[in-house]
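In what follows, a structure is listed as structure tokens, so that the remarks can point back to it.
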Number of protein chains: 4
Amino acid sequence: MAQTDTVTRILDTAEVLFAERGFAETSLRNITSKAKVNLAAVNYHFGSKKSLIQAVFARYLDPFTERFHTALDELEAKYEGEVIPLEELLETMARCVLEVPAERNSLKVFMKLLGLAYSQAQGHLRRYIQEHYGSVFTRFTGLVRQATPDLPDAERFWRLHFMLGTVIFTLSGLDALRDIAEQDYGEHVSVRDLIRRLRPVVVAGMNAPIPASSGDMLPAAG
Amino acid sequence: MAQTDTVTRILDTAEVLFAERGFAETSLRNITSKAKVNLAAVNYHFGSKKSLIQAVFARYLDPFTERFHTALDELEAKYEGEVIPLEELLETMARCVLEVPAERNSLKVFMKLLGLAYSQAQGHLRRYIQEHYGSVFTRFTGLVRQATPDLPDAERFWRLHFMLGTVIFTLSGLDALRDIAEQDYGEHVSVRDLIRRLRPVVVAGMNAPIPASSGDMLPAAG
Amino acid sequence: MAQTDTVTRILDTAEVLFAERGFAETSLRNITSKAKVNLAAVNYHFGSKKSLIQAVFARYLDPFTERFHTALDELEAKYEGEVIPLEELLETMARCVLEVPAERNSLKVFMKLLGLAYSQAQGHLRRYIQEHYGSVFTRFTGLVRQATPDLPDAERFWRLHFMLGTVIFTLSGLDALRDIAEQDYGEHVSVRDLIRRLRPVVVAGMNAPIPASSGDMLPAAG
Amino acid sequence: MAQTDTVTRILDTAEVLFAERGFAETSLRNITSKAKVNLAAVNYHFGSKKSLIQAVFARYLDPFTERFHTALDELEAKYEGEVIPLEELLETMARCVLEVPAERNSLKVFMKLLGLAYSQAQGHLRRYIQEHYGSVFTRFTGLVRQATPDLPDAERFWRLHFMLGTVIFTLSGLDALRDIAEQDYGEHVSVRDLIRRLRPVVVAGMNAPIPASSGDMLPAAG
DNA sequence: AATGAATGAGCATTCATTCAT
DNA sequence: CATGAATGAATGCTCATTCAT
């Protein structure tokens, strides 16, 4: 009990602190003192700070991938080999992304973590995520491909990442943006609101006309 | 020679290292040793690491804001009080964003830095940017407002940030994404390519249908 | 063994170095290297240099205050509510001051430290001492008050500090003065000698005639 | 003009800062920035921090010794070979000590500096003072000797230092003590007050009965 | 299973001083 | 005569990690 408790308390605290201040700016001392756990406990239970970071991600991504695979199974069963519409795919992914954090801390923390995983120097994290969770994403992009047969492969790849950027950037920087929005428009946005606003933009972005592959009037940049 | 040189060498090195590994992960020792400059030189010329970070941004943003103001002046002159079309506004901004880094290091570094400014815990940076460059952004959003009279203010605010997210996330994480794209599609994308691809998506996103303000079928999330 | 040992070695070394060269002139590296202890050990065990300084004082003052309270208890019991003579009070204080250092390093170090506490810029120290040990001094001055009913309160306050100055200055600058004395008179003074010499001077100082509160033939000074 | 001005501004600023915070705690940067003088100016004009410290003292002690010698000359002339009474000697010294600072900053600063010279690790200072100003003190002690023929030489030496301690300790720690006094007795003391109070105590201390050279009931201390 | 103590490497910053101009 | 730039050494402190118990 005590053992499990310690591990959980470390993970709970770490995920909040990581999301708040980034990985490098969060010391093991910060975590262990806030979690009221011995300083050596992190190294004892996780081996290193790196492994702790990965464990924090695994606790979100493991249930997510399981759920997402199941949801895609159901979707494929429902459409019996026919093409699954893009909107249904996106909707399904959104639902799964939302379900997991709903059970624990918050979507914001999860997104913040994802944002950090991309933006921060933690090369090991990108590798870890690719290794452990690459297959779901591959399955998903395969289905998206069938749903958007007119989109060239490269175009689809980039657009998916454009949209990923939109979502991660918005939800991970949520607090700062929310502050500005509230200050400027006196309007408090909930995560639900934001997702409602995101949906049509994402869909429109995916369905935007394909640009001509030629001329470009912008100057070059290194 | 020596005096200007030292400051420049520090800034050049710092911006590359910051972009590569983030602020916290880049020590002054990293910077000064790579720049072949005395360790104390950073504190002598900039006062502190914080101020160095701000100076790195200023070197990009100062010429950008100047250029952008000029470009908006020209645009307003050209349209003589009439509404400037959204696409032209976006195009103008993109051009200015591209011109500045073209003269120095690279767009990638600039975007990486912008991404860090949003994602990393450097509160002082966000404050500094808001203080020094908030006015251009305000001017720009004012013009966007005239160009999109049917969009509710809050909706416009959020969509601009959605699109900002798209651009920053993509261009700042460029290397990683480029690696994956190259691996998967054997296609090497230039920044020009990427911007060509981004344009229709951004425009479509801004012009997406406005969502109903009511019901939401997604589960709640904390 | 190791655990207590490190703390003790740090304190032992720190108190000697502080007394020899002052607080600012003694670096943690000086202390830890002389104490053959890891550099980080000071911060691990004490938290900061400030706290180490306070701990050095506490190790002298804690046993002193305890002893002094006990001695004053005994004195009060002995005199059964009658006024305790001044000389007995001074004698008792002197005995307690001497007993504590006798058990550890030396009176000289203790006095040197006290002198530093007054003369050096360590505001935190004065505050710390006032906070932790102010009450004994208050009790003592209360008894002195009863022993010198004819002395105005302010006069008594200043005379006590005059005498404190005499003692601290002499005993803390002991080495330098001893050098001069030895050179000039070929006479080596022990601390015992010095205290024997101090006693009548202090008593005479406390009992000096009270000056007229009026005229003053000295010129003014800023 | 500019040259002299710089030197003066450095000395003025340095003496205040040294008195406020001690030598080690006052950096050349502190001094030069407060004096609005180039950082290198101290080393340019004085050669080193050490020499600056000595120069600060010299500016007080040079006029003092000159004045004191003159005053002693006058006293000797007045008494025409007869013994000068102790009180007159002390009074004369006090007058000279007070006159010099009266013309510049303040007595407090001077005493603070003297206190530092004794208590702080600046060995070079003690040597410098001994070298440059030892002769006046020797002349003075010679006269005191004639005024107190019954006092053994060693006793006189120590009592002079006891009294020096009283004066320096009180006047150098003036601010702190004044705070306490004011708080406790609501009485604001001027330097004049203090000196009026000091006089009888010092005289009584010098004239205290000579202790028996033997027995001592106090415990020994290292 | 868990922890208090300890460690060596590294951190940003400040120092007095030097030197070319 | 004066100074801005630069420097090497040292400062207090924090870090992730290790280890004996």
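Computation of the quantities below employed the complete heavy-atom set of this structure, encompassing side-chain atoms and omitting hydrogens, waters and symmetry-equivalent molecules. Worth saying up front: this structure is predicted, and the values here are computed from it rather than measured. Convention: sequence-line order gives letters A, B, ...; per-chain numbering from 1.
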Any residue meeting side-chain contact (heavy atoms from CB on, under 4.5 Å) with [X], in chain and number order, not counting sequence neighbours:
X: A/T32; answer: A/V37, A/L39, A/V42
X: D/A40; answer: D/N38
X: D/A14; answer: D/F18, D/I31, D/L52, D/V56

Specify the separation, in whole Å, of atom [atom1] of [X] and atom [atom2] of [N].
X: A/K49; N: F/dT14; atom1: NZ; atom2: C1'; value: 12 Å
X: D/Y44; N: F/dT3; atom1: OH; atom2: P; value: 10 Å
X: A/L52; N: F/dC15; atom1: CG; atom2: C1'; value: 15 Å
X: D/L17; N: E/dA16; atom1: CG; atom2: P; value: 12 Å
X: B/F23; N: E/dA12; atom1: CZ; atom2: C1'; value: 16 Å
X: D/F18; N: E/dA16; atom1: CZ; atom2: C1'; value: 12 Å
X: B/F46; N: F/dA5; atom1: CZ; atom2: C1'; value: 13 Å
X: C/I10; N: E/dA5; atom1: CD1; atom2: C1'; value: 11 Å

For a quick test of reading the model: is some side-chain N or O of [X] closer than 4.0 Å to OP1 or OP2 of [N]?
X: B/T6; N: F/dA6; answer: yes
X: D/N43; N: E/dA16; answer: no
X: D/H45; N: F/dA2; answer: yes

[X]: which residues meet the side-chain hydrogen bond (donor to acceptor under 3.5 Å, both in side chains) condition with it, sequence neighbours left out?
X: B/N30; value: B/R21, B/S27
X: D/S33; value: none
X: C/Y128; value: none

### Task
Can you sort out which residues in residues 27-40 of chain B have a heavy atom within less than 4.0 Å of DNA chain F? Ascending by number, please.
B/N38, B/A40
### Task
Look only at the side chain of C/T13 and the backbone of C/K34, and say whether a donor-acceptor pair between them is shorter than 3.5 Å.
no
### Message
Is there a side-chain contact between A/T6 and A/R9 in this structure, where contact means two heavy atoms from C-beta onward sitting under 4.5 Å apart?
### Response
no
### Query
Is it true that C/R59 and C/D12 have a side-chain N and a carboxylate O under 4.0 angstrom from each other?
yes
## Note on the structure
For DNA chain E, consecutive-pair runs of 3 or more (Watson-Crick or G-U wobble, both H-bond-type distances under 3.5 Å) give E:2-21 with F:2-21
